[in-house]
Amino acid sequence: MNALKKFTRSQLFMPVVCVVLVLLINVVYDVAQGRPFYEFFRIYLSDAAEPVLQGRLISILNRGSEVAILAIGMTLVVSASAGTDISVGSVMSLCACVCCTVLAGDMAPQTTELAVPLIVGILAGLVVGCLCGAFNGFLVANLNIQPMVATLILYSAARAIGLLVNHDFIIYVRNDTFAVLGGYVGPVPTPIIIAAACIL
């Protein structure tokens, strides 16, 4: 009984209850639609020339992988400074703009050929992300500005800087090598693999 009381007072209690509730709603919905109760949890290989993993759980993991990667960085910020970085979405947008602009080069806004090797574009995006993080960290650690206030700068400015980098274009990089990052490695979606590697 003491263990139950301790768990109900834990910070994990409400998240666990919400997850269980969502799962129950999906199970009840499937049963009401005449499908097996385990339909929500079913993972299977598609009937295609190159079979890939499919299922609702795979879709959730695939679509949620970007948020999971951002959440890892946010967790580090919260644990280190007890503050919240509100600029993560805008910084991610800026990094993506830099990466695609570098990859497309003079062929922007659409290209099927990479202007530079893929690794150069990825490193360019990572360097910009590191610079943004260093800027936020300098404001918080050296100037003693509250984290939420300090990161409000890039929250507002990073997307606009990204538009300037892209010259107000939406850049499309339709290249098979680049598409692997949003495609599949064997039967498993690449974003799930990247998110799992970041978590580990």
**Q** How far apart are the closest heavy atoms of Leu103 and Gly121, and which atoms are they?
**A**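 Closest pair (atom of Leu103, atom of Gly121, distance): CD2-CA, 3.9 Å.
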**Q** State plainly whether one hydrophobic cluster holds both Leu139 and Tyr155, where clusters connect Ile, Leu, Val, Met, Phe, Trp and Tyr through side-chain heavy atoms under 4.5 angstrom apart.
**A**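 No, Leu139 does not connect to Tyr155 through the hydrophobic network.
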**Q** What residue among Val120, Val116, Leu114 forms side chain to side chain contact (heavy atoms under 4.5 Å, CB included) with Leu118?
**A** Leu114
**Q** Does some side-chain heavy atom of Ser65 sit less than 4.5 Å from a side-chain heavy atom of Ile194?
**A** no
**Q** Give the C-alpha distance, both sets of side-chain angles, the deciding distance and a yes or no for side-chain contact (heavy atoms from CB on, under 4.5 Å) between Leu45 and Val52.
**A** CA-CA 5 Å; Leu45 288 171; Val52 294; 5.8 Å; no
**Q** Please test Val128 against Val165 for side-chain contact (heavy atoms from CB on, under 4.5 Å), starting from the C-alpha separation and ending with a verdict.
**A** CA-CA 12 Å; Val128 169; Val165 169; over 6 Å; no
**Q** Would you compute the distance between atom CG of Leu21 and atom CE of Met14 and round it to the nearest 0.5 angstrom?
**A**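 Reported value, rounded in 0.5 Å steps: 9.0 Å.
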**Q** Test of understanding: clusters of I, L, V, M, F, W, Y form through side-chain heavy atoms closer than 4.5 Å, transitively. Do Leu23 and Val20 belong to the same one?
**A**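 Different clusters: Leu23 never reaches Val20 through Ile, Leu, Val, Met, Phe, Trp or Tyr contacts under 4.5 Å.
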**Q** Might you point out which heavy atoms bring Val188 and Leu53 nearest each other, and give the distance in Å?
**A** CG2-CD1, 4.0 Å
**Q** Measuring from Ile153:CD1 to Asn136:CG, what's the distance to the nearest 0.5 Å?
**A**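 So the CD1 of Ile153 and the CG of Asn136 are separated by 7.5 Å.
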**Q** A quick test of your reading: do over 12 heavy atoms of other residues, nucleotides or ligands sit less than 6.0 Å from CZ of Arg56?
**A** yes
**Q** List the steps and the verdict of side-chain contact (heavy atoms from CB on, under 4.5 Å) for Phe40 and Arg35.
**A** CA-CA 10 Å; Phe40 177 79; Arg35 292 189 286 265; over 6 Å; no
**Q** Do other residues, nucleotides or ligands put more than 12 heavy atoms under 6.0 Å from Leu123 CG?
**A**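 More than 12 heavy atoms, drawn from other residues, nucleotides or ligands, come within 6.0 Å of this atom.
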**Q** Evaluate the criterion side-chain contact (heavy atoms from CB on, under 4.5 Å) for residue pair Val27 and Phe41; output intermediate values, then yes/no.
**A** CA-CA 9 Å; Val27 168; Phe41 304 96; 3.8 Å; yes
**Q** Could you grab the distance from atom SG of Cys97 to atom CD1 of Ile171, nearest 0.5 Å is fine?
**A**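 Going from the SG atom of Cys97 to the CD1 atom of Ile171 covers 7.5 Å.
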**Q** Between Ser10 and Leu12, is there a donor-acceptor pair closer than 3.5 Å when you use the side chain of the first and the backbone of the second?
**A**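 Checked: pair present.
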**Q** Is a side-chain donor or acceptor of Thr190 paired with a backbone partner of Gly183 at a separation under 3.5 angstrom?
**A**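 A pair under 3.5 Å: yes.
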**Q** Under 6.0 Å from the CD atom of Glu50, do we count more than 12 heavy atoms belonging to anything else shown?
**A** no
**Q** Could you tell me whether Arg42 and Asp30 have a side-chain N and a carboxylate O separated by less than 4.0 Å?
**A** no
**Q** Starting at OG1 of Thr177, measure out to CD1 of Ile119 and round the result to the nearest 0.5 Å.
**A**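 Interatomic distance, Thr177 OG1 to Ile119 CD1, rounded to 0.5 Å: 12.5 Å.
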**Q** Restricting to non-hydrogen atoms, name the atom on Val140 and the atom on Pro147 that form the minimum distance, rounded to 0.1 Å.
**A**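 It is CG2-CA, 3.7 Å.
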**Q** Answer yes if Leu57 and Tyr184 sit in the same cluster of Ile, Leu, Val, Met, Phe, Trp and Tyr residues linked by side chain heavy atoms under 4.5 Å apart, and no otherwise.
**A** no
**Q** Quick one: CG on Leu94 to CD1 on Ile161, what's the gap to the nearest 0.5 Å?
**A** 6.0 Å
**Q** Can you tell if the side chain of Leu154 reaches within under 4.5 Å of the side chain of Ser90, non-hydrogen atoms only?
**A**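 Not in contact.
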**Q** I'd like to know if Val88 and Met92 are part of one continuous hydrophobic network [Ile/Leu/Val/Met/Phe/Trp/Tyr, side-chain heavy atoms within less than 4.5 Å].
**A** yes
**Q** So how far is it from Ile170 CD1 to Leu163 CG, rounded to the nearest 0.5 Å?
**A**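 It is 9.0 Å, given to the nearest 0.5 Å.
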**Q** Could you tell me whether a side-chain N or O of Thr151 sits under 3.5 Å from a main-chain N or O of Ile86, the two making a donor and an acceptor?
**A**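 Checking the backbone N and O of Ile86 against the side chain of Thr151, a donor-acceptor pair under 3.5 Å is found.
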**Q** Can you confirm whether more than 12 heavy atoms, excluding those of Phe13, are under 6.0 Å from its CZ atom?
**A**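 Enclosed.
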**Q** Might you point out which heavy atoms bring Ile72 and Ala195 nearest each other, and give the distance in Å?
**A**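 Looking at all heavy atoms of both residues, the closest pair is CD1-O, 4.5 Å.
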**Q** What is the minimum heavy-atom distance between Asn62 and Pro191, and which atoms define it?
**A**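 It is OD1-CG, 3.3 Å.
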**Q** So if you build clusters from Ile, Leu, Val, Met, Phe, Trp, Tyr with side-chain heavy-atom gaps below 4.5 Å, do Val19 and Ile25 land together?
**A**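 Unlinked, Val19 and Ile25 end up in two clusters.
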**Q** Is a side-chain donor or acceptor of Ser93 paired with a backbone partner of Arg159 at a separation under 3.5 angstrom?
**A**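 No.
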**Q** Minimum heavy-atom separation for Cys100 to Val173, with atom names?
**A** O-CG2, 4.1 Å
**Q** A quick test of your reading: do over 12 heavy atoms of other residues, nucleotides or ligands sit less than 6.0 Å from CG of Asn142?
**A**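 Count over threshold, so yes.
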